Asker: 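Below you will find the structure I want to go over with you.
Below, read A as the first sequence line, B as the second, and so on, with proteins coming before strands; counting in each chain starts at 1. It should be emphasised that the depicted structure is a prediction, and the values quoted were computed from it without experimental measurement.
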Number of protein chains: 2
Amino acid sequence: MMNQRIRQQDIAKKLGVSINTVSLALKDSGRINEDTKLKVQEVAKALNYIPNSIARSLVQKKTYVIGFILPSITNPIQIETAQNIESKLLANGYNMMLMTSDHDKNYETKALDILLSRQVDGIFLFPTDIQDQRKNQEKIKSIRDANYPIILLSGGNFILPSDSVYMNQYLGAYKATEHLINMGNKDIALIYGGTRNTEKHRGYIAALKESNLEYNPNQVATVQNSSYEQGYRAASQIIKNGSVTGILASGDYLALGALRWCREQGLRVPEDVAIIGFDDLEASRFAEIPLTTITYKVEELTTQATDLLFSLISNQEKLTWIEPRRFEIEPTLVIRESCGFKKRSERLL
Amino acid sequence: MMNQRIRQQDIAKKLGVSINTVSLALKDSGRINEDTKLKVQEVAKALNYIPNSIARSLVQKKTYVIGFILPSITNPIQIETAQNIESKLLANGYNMMLMTSDHDKNYETKALDILLSRQVDGIFLFPTDIQDQRKNQEKIKSIRDANYPIILLSGGNFILPSDSVYMNQYLGAYKATEHLINMGNKDIALIYGGTRNTEKHRGYIAALKESNLEYNPNQVATVQNSSYEQGYRAASQIIKNGSVTGILASGDYLALGALRWCREQGLRVPEDVAIIGFDDLEASRFAEIPLTTITYKVEELTTQATDLLFSLISNQEKLTWIEPRRFEIEPTLVIRESCGFKKRSERLL
DNA sequence: TTGTATGCGTTATCAA
DNA sequence: TTGATAACGCATACAA
């Protein structure tokens with residue numbers, strides 16, 4: 001029910017000029033009389049005219065809307081990424097349409113179709129799952145082949161159907177595991193999201209292998225989402241399973257949940273169990289035992305991603321002929337207290 | 001650069017029928033031959049036809065897009081609210097356009113204009129600030145008077161220009177303060193967002209007054225956002241100011257930051273300082289001292305809000321003649337350990 | 001059951 | 001500097 005809104009026609013009629021004149025005047029076009037321009041703008045303001053961008057989009061074939069698909073809210077990093085990108089888009093005159101894909105399993109495809117139908121000028125996609133990504137691979141490829149800018153916010157040691165910007169999670173997991181090993185741990189557990197985190201899994205295994213440590217499936221727990229509760233629960237299972245002295249969790253909330261369980265059991269951290277997380281959330285800095293973790297460089301990632309998107313948008317050449325580019329961002333280790341190496345000074349205000 | 005996409009015209013030409021036939025067939029209209037309908041749908045699928053909803057919106061005067069304006073990301077409750085509403089909208093065939101208003105101070109107005117220009121079918125607005133809300137009051141009123149559904153997700157003891165659904169924060173703060181008093185605290189500090197939280201401020205004062213306790217401005221700290229860091233910092237200031245034994249924070253992260261500061265100073269919680277937060281985030285359940293807090297009933301709020309929105313959308317009567325409705329949701333106290341009353345059993349899995 | 005014609009509000013092209 | 005006219009892709013009223 002858009003109620004009768006003011007159109008260019010209305011203000012044209014009021015002034016006895018043509019619609020075209022109004023259109024040009026509102027555009028602040030140079031090739032129009034200053035007086036009439038002012039008159040038009042004045043009346044427009046008086047009538048509270050608001051341009052209909054739907055109509056404009058139809059003729060210009062451009063909506064200035066960018067779609068953003070992300071799995072869900074449990075990972076605050078993804079939300080932060082979305083909002084960070086939103087503000088960058090805004091600075092360039094674009095708005096964001098946000099869709100979450102986790103509602104049902106195959107919703108990612110549907111979300112893509114909706115965004116295409118809405119004629120968005122580009123898409124950022126946080127794939128739900130490497131599995132699903134493979135499944136949508138053809139679709140994504142065809143979207144890109146139609147010169148439609150689509151950027152993936154994930155990646156790894158495999159071929160992607162489109163351009164991508166991502167934190168190198170393999171490397172992150174490798175560094176984290178290596179750190180646990182260096183701190184003297186030999187039985188290191190992994191708490192992670194299964195098919196959502198295959199790269200982290202790979203990095204974990206690679207680091208173990210590098211140190212000639214055995215990969216023990218009993219020390220790996222799969223988790224539904226990256227909440228405290230799941231980390232708490234996973235820790236309870238894993239530690240009962242054996243002599244684990246180190247835990248790598250694929251997210252900080254998982255790590256903090258695990259930390260809580262350990263503390264409740266009277267286990268000391270890091271003396272009895274060392275814990276390391278992922279993402280460097282604020283909660284980790286303020287945890288009871290400040291958490292050692294792996295950074296997720298949101299600002300760097302979103303800057304790269306939006307730059308890439310805008311270059312694709314303004315670029316005229318057929319994307320088909322360009323190899324998909326990938327930008328990796330290298331995560332770094334943030335050492336706090338949960339694996340040893342106390343540095344109390346860090347939290348000074 | 002929308003590349004040449006398939007239109008109804010293209011599939012009409014391919015089949016030698018009229019556009020109208022195609023339009024009806026794709027609509028699955030009853031008044032069309034089954035054979036041709038199937039044929040059309042087949043070709044549409046083969047050509048990978050995706051309807052142009054921009055064009056459809058122009059003629060139907062309906063976009064099936066709802067705008068959502070929220071201040072920023074520091075409050076995870078607002079994000080959760082947005083995503084919760086997004087999923088409810090989706091179930092009804094609507095999508096959400098997300099805008100954050102905190103970038104510059106007066107951006108809320110601009111966001112409203114953008115959404116109106118984009119012809120969204122309705123708007124949810126989380127006002128940045130009561131102050132700003134007053135400022136935009138006329139604008140919001142005029143939007144509503146134009147029969148444009150706009151719903152505010154805040155409220156209080158004052159007149160609102162449009163329909164609203166909100167947690168009664170006055171009551172929440174009252175209950176929280178009362179609880180602190182009941183636990184024997186007489187010097188109770190408030191950490192809150194200033195003009196963003198006037199209702200909480202009022203509730204705090206009312207509860208003090210009810211117990212004949214003096215309101216002491218030195219025990220009130222204003223904070224930039226609801227992060228751990230701000231809570232940590234505020235606690236350091238406030239506790240140095242005097243003999244505070246209880247802290248009410250307007251958000252759980254603030255409370256947890258304050259908790260951390262106290263612990264680092266060797267203060268026991270709740271024995272030396274009792275702390276209570278707001279929102280009942282997951283982090284509070286898993287804190288080193290599980291946090292007593294006030295619930296924010298996201299699901300209840302979003303259900304009310306979307307129901308109200310859809311009733312406005314389908315309603316044909318002039319909104320001008322209807323008094324703005326308001327739905328208050330009553331917050332409840334969740335007692336954990338940070339104010340006393342230990343209940344260790346709660347966290348069983 | 002299908003086709004034709006018109007319009008949605010705007011921009012763009014071409015004359016005047 | 002302005003005005004008429006034709007698009008944009010789709011839906012709808014009406015005709016056939």
Asker: Given atom CZ of B/Arg56 and atom C1' of C/dG9, what is their separation to the nearest angstrom?
Answerer: 18 Å

Asker: Answer yes if the ring centres of B/Tyr166 and B/Phe327 are under 6.0 angstrom apart, and no otherwise.
Answerer: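 Aromatic pair excluded; centres sit 6.0 Å or further apart.
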
Asker: Are B/Met97 and B/Ile66 packed together at the side-chain level, in the sense that at least one heavy-atom pair is separated by less than 4.5 angstrom?
Answerer: no

Asker: May I have the distance from B/Arg118 (atom CZ) to C/dT10 (atom C1'), rounded to whole angstrom?
Answerer: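 Result: 15 Å.
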
Asker: With the threshold set at 4.0 Å, does a side-chain nitrogen-carboxylate oxygen contact exist between B/Lys110 and B/Asp113?
Answerer: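 No salt bridge links B/Lys110 with B/Asp113.
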
Asker: In whole Å, I'd like the distance from the CD1 atom of A/Ile19 to the P atom of C/dG7.
Answerer: 13 Å

Asker: Check whether NZ of the Lys or CZ of the Arg B/Lys62 lies under 6.0 Å from the centre of the six-membered ring of B/Tyr64 and within 45 degrees of that ring's axis.
Answerer: yes

Asker: Expressed in angstrom and rounded to an integer, what is the separation of A/Lys61 atom NZ from C/dT10 atom P?
Answerer: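 Going from NZ in A/Lys61 over to P in C/dT10 covers 19 Å.
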
Asker: Near DNA chain D, counting only heavy atoms under 4.0 Å, which residues of residues 30-51 of chain A show up?
Answerer: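 The stretch gives A/Arg31, A/Ile32, A/Asn33, A/Thr36 as the residues lying under 4.0 Å from the strand, ordered by number.
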
Asker: Is any side-chain heavy atom of B/Asn48 closer than 4.5 Å to one of B/Ile6?
Answerer: no

Asker: Within the 4.0 Å heavy-atom criterion, would you say B/Gln8 contacts the bases, only the backbone, or no part of the nucleic acid?
Answerer: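 Sugar-phosphate, backbone atoms only, no base.
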
Asker: 5'-most contact on DNA chain D: B/Ala55 or B/Asn20, nearest heavy atom basis?
Answerer: B/Ala55

Asker: Is it the case that A/Ser57 and A/Gln119 place a side-chain donor and acceptor less than 3.5 Å from each other?
Answerer: no

Asker: Considering only NZ, NE, NH1 and NH2 on the basic side and carboxylate oxygens on the acidic side, decide whether A/Asp10 and A/Arg5 come within less than 4.0 Å.
Answerer: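 The answer is no: the pair does not qualify as a salt bridge.
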
Asker: Please examine the side chains of B/Leu26 and B/Gln8, heavy atoms only from C-beta on, and report whether any two atoms are closer than 4.5 Å.
Answerer: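 Result yes, sub-4.5 Å side-chain heavy-atom pair found.
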
Asker: State whether A/Lys37 and A/Glu34 are salt-bridged, where the test is any N-O pair (Lys NZ or Arg NE/NH1/NH2 against Asp/Glu carboxylate O) under 4.0 Å.
Answerer: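 Between A/Glu34 and A/Lys37 there is a salt bridge, with a charged N closer than 4.0 Å to a carboxylate O.
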
Asker: Within this structure, what is the CG-to-C1' distance between B/Leu58 and C/dC8, rounded to whole angstrom?
Answerer: 4 Å

Asker: Measure the NZ-CG distance between A/Lys141 and A/Asp145 for me, rounded to the nearest 0.5 Å.
Answerer: 4.0 Å

Asker: What's the NZ-P distance between A/Lys13 and C/dG9, to the nearest Å?
Answerer: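 Going from NZ in A/Lys13 over to P in C/dG9 covers 12 Å.
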
Asker: Has A/Ser23 got a side-chain N or O lying under 4.0 Å from the OP1 or OP2 atom of C/dT11?
Answerer: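 For A/Ser23, the contact criterion (side-chain N or O under 4.0 Å from OP1 or OP2 of C/dT11) is met.
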
Asker: Rounded to the Å, how far apart are A/Ile54 CD1 and C/dT10 C1'?
Answerer: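 To the nearest whole Å, that distance equals 11 Å.
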
Asker: For chain B and DNA chain D, what are the first and last nucleotides along the strand, 5' to 3', with at least one atom under 4.0 angstrom from a heavy atom of the protein chain?
Answerer: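 Reading along DNA chain D, I get D/dG9 to D/dA13.
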
Asker: End-to-end bend of the helix from C/dT1-D/dA16 to C/dA16-D/dT1 (five-pair axes, 10° rounding)?
Answerer: 40°

Asker: Verify whether one side chain among A/Lys88 and A/Asn84 offers a donor that lies under 3.5 Å from an acceptor in the other.
Answerer: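 Note: A/Lys88 and A/Asn84 side chains meet the donor-acceptor criterion.
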
